[in-house]
Amino acid sequence: MSASITAPLPVAGAAPSSRRGTNRKVLPGFNLTLGYTLLYLGLIVLIPLSALVLKTFTMSWDQFWAAVSSPRVVASYKLTFGSSLIAATVNVFAGLLLAWVLVRYQFPGKRFVDALVDLPFALPTAVAGISLTALLAGNGWIGQFLEPMGITLAFNPKGIIIALIFIGLPFVVRTVQPVLEESERELEEAAMSLGATRLQTFMRVILPSITPALLTGFAMAFARAIGEYGSVIFIAGNVPMVSEITPLVIIGKLEQYDYAGATAVAVVMLIFSFILLLVINALQAWQRRRAGA
């Protein structure tokens, strides 16, 4: 009598065979997703930026240097970067204070205040500029009381700084707020139980943990302010050598059909933008390492 060999029956609940696609993923394969990513970056980012750089090659080095170093352009650099630096510095202190209040205190209308922080993100920049001008101009709601005292906040560099503070504040608040929410209160309580004052607790316990987030928020607010145009154009006054920002210089060259000169100034701003982008990425990586440690 010959022995017969029977195949084992499948067991209920057993894992399916690897041949049936146990390694299936939600998204398509690597080649397809990588190709779509490169196509998107090429069409939206790389090709326009490459055209910007290639346009400057139609100029000689002397022409390029003359376009980017003329007195009017240099004055716009000083105003743009100086105002952006001042606004970002103010936003570091104001953003930290606002984030601290939103995280550490409960008060009526807290959700409303928290929502207002994101208003500059949703509000069109032109609307923000018009609103600030209506408030701070000599005949505005606030400016009409300040101008008789010799305080002029519109149509000069002061108005530019105020507009840049307005559009840059959310970057600091939204960067610092999650770090404060995740901070360990036990460390603060331990420091105070050992005799540390509130200032010592803040300087030695809280500040070191939020410093990477503060620096990241500062860099993001600074980068945002450098390229701002809509909210500044209405309140700046746009006086050459006095209150003319670099984006307005680029627009003026385009209106005069000086495309090569406009792209030359734009390339300078592009270089600074790339540098700030690298700085922001480095600060974010530092922040992640600190959080992981």
Side-chain angles (χ1 to χ4, degrees), residues 68-98 117 119-121 123-138 140 142-143 146-147 150-175 214-253 262 264-277 279-280 283:
V68 301
S69 62
S70 64
R72 183 174 178 180
V73 176
V74 172
S76 71
Y77 292 153
K78 293 179 180 179
L79 178 63
T80 299
F81 289 99
S83 300
S84 300
L85 181 62
I86 295 173
T89 303
V90 173
N91 279 330
V92 165
F93 295 97
L96 173 59
L97 181 61
L98 184 54
V117 173
L119 182 61
F121 287 151
L123 190 68
T125 55
V127 176
I130 294 173
S131 301
L132 291 174
T133 304
L135 288 174
L136 303 177
I142 299 177
L146 298 178
E147 191 166 292
I151 302 175
T152 305
L153 299 179
F155 311 122
N156 55 46
K158 298 176 185 177
I160 297 176
I161 295 174
I162 293 174
L164 297 181
I165 291 174
F166 174 79
I167 58 101
L169 181 62
F171 290 96
V172 180
V173 176
R174 294 313 185 202
T175 306
L214 277 175
L215 293 176
T216 302
F218 170 83
M220 294 177 66
F222 182 65
R224 178 70 176 86
I226 287 177
E228 180 59 24
Y229 177 77
S231 62
V232 174
I233 197 67
F234 294 99
I235 199 172
N238 308 322
V239 179
M241 309 293 292
V242 177
S243 59
E244 186 180 41
I245 58 175
T246 304
L248 182 60
V249 171
I250 297 174
I251 295 297
K253 289 182 177 293
V265 179
V267 165
V268 174
M269 300 298 291
L270 180 63
I271 293 173
F272 280 102
S273 299
F274 272 122
I275 294 174
L276 287 174
L277 182 62
V279 171
I280 291 172
L283 289 173

Residues forming a side chain to side chain contact (heavy atoms under 4.5 Å, CB included) with [X], sequence neighbours excluded:
| X | result |
| --- | --- |
| Ala262 | Ile250, Lys253, Leu254 |
| Val242 | Val239 |
| Phe222 | Phe81, Ser84, Leu85, Ala88, Ile226, Leu276 |
| Leu96 | Val176, Phe202, Ile210, Leu214 |

With sequence neighbours left out, what residues match Ser231 under side-chain hydrogen bond (donor to acceptor under 3.5 Å, both in side chains)? Glu228
Set of residues satisfying side-chain hydrogen bond (donor to acceptor under 3.5 Å, both in side chains) with respect to Thr246, sequence neighbours excluded: Ser76, Thr80
Side-chain donor/acceptor of [X] to backbone N/O of [Y], under 3.5 Å:
| X | Y | value |
| --- | --- | --- |
| Asn91 | Thr89 | no |
| Asn238 | Ile233 | yes |
| Ser243 | Ala236 | yes |

Which pairs, with at least one residue in residues 166-175 and sequence neighbours excluded, count as a side-chain hydrogen bond (donor to acceptor under 3.5 Å, both in side chains)? Asp114-Arg174, Asp118-Arg174, Arg174-Gln177
Can you give each donor-acceptor pair under 3.5 Å made by side-chain atoms of residues 266-274, sequence neighbours left out, with the distance rounded to 0.1 Å?
unit_1, atom_1, unit_2, atom_2, d
Ser273, OG, Met269, O, 2.8

Tell me, please, which residues at least two apart from Lys158 pass salt bridge (Lys or Arg N to Asp or Glu O under 4.0 Å). none
Would you give the length of the straight line joining atom CD1 of Ile235 to atom CD1 of Ile130, rounded to the nearest 0.5 angstrom? 11.5 Å
Scan the side chains in residues 160-172 for donor-acceptor partners under 3.5 Å anywhere in the protein, sequence neighbours excluded, and list what turns up.
none

Provide the full list of salt bridge (charged side-chain N to carboxylate O under 4.0 Å, His left out) pairs with a residue in residues 71-90, sequence neighbours left out, each pair given once. Arg72-Glu244
Are Tyr229 and Ile251 side-chain neighbours, meaning at least one heavy-atom pair lies under 4.5 Å? yes
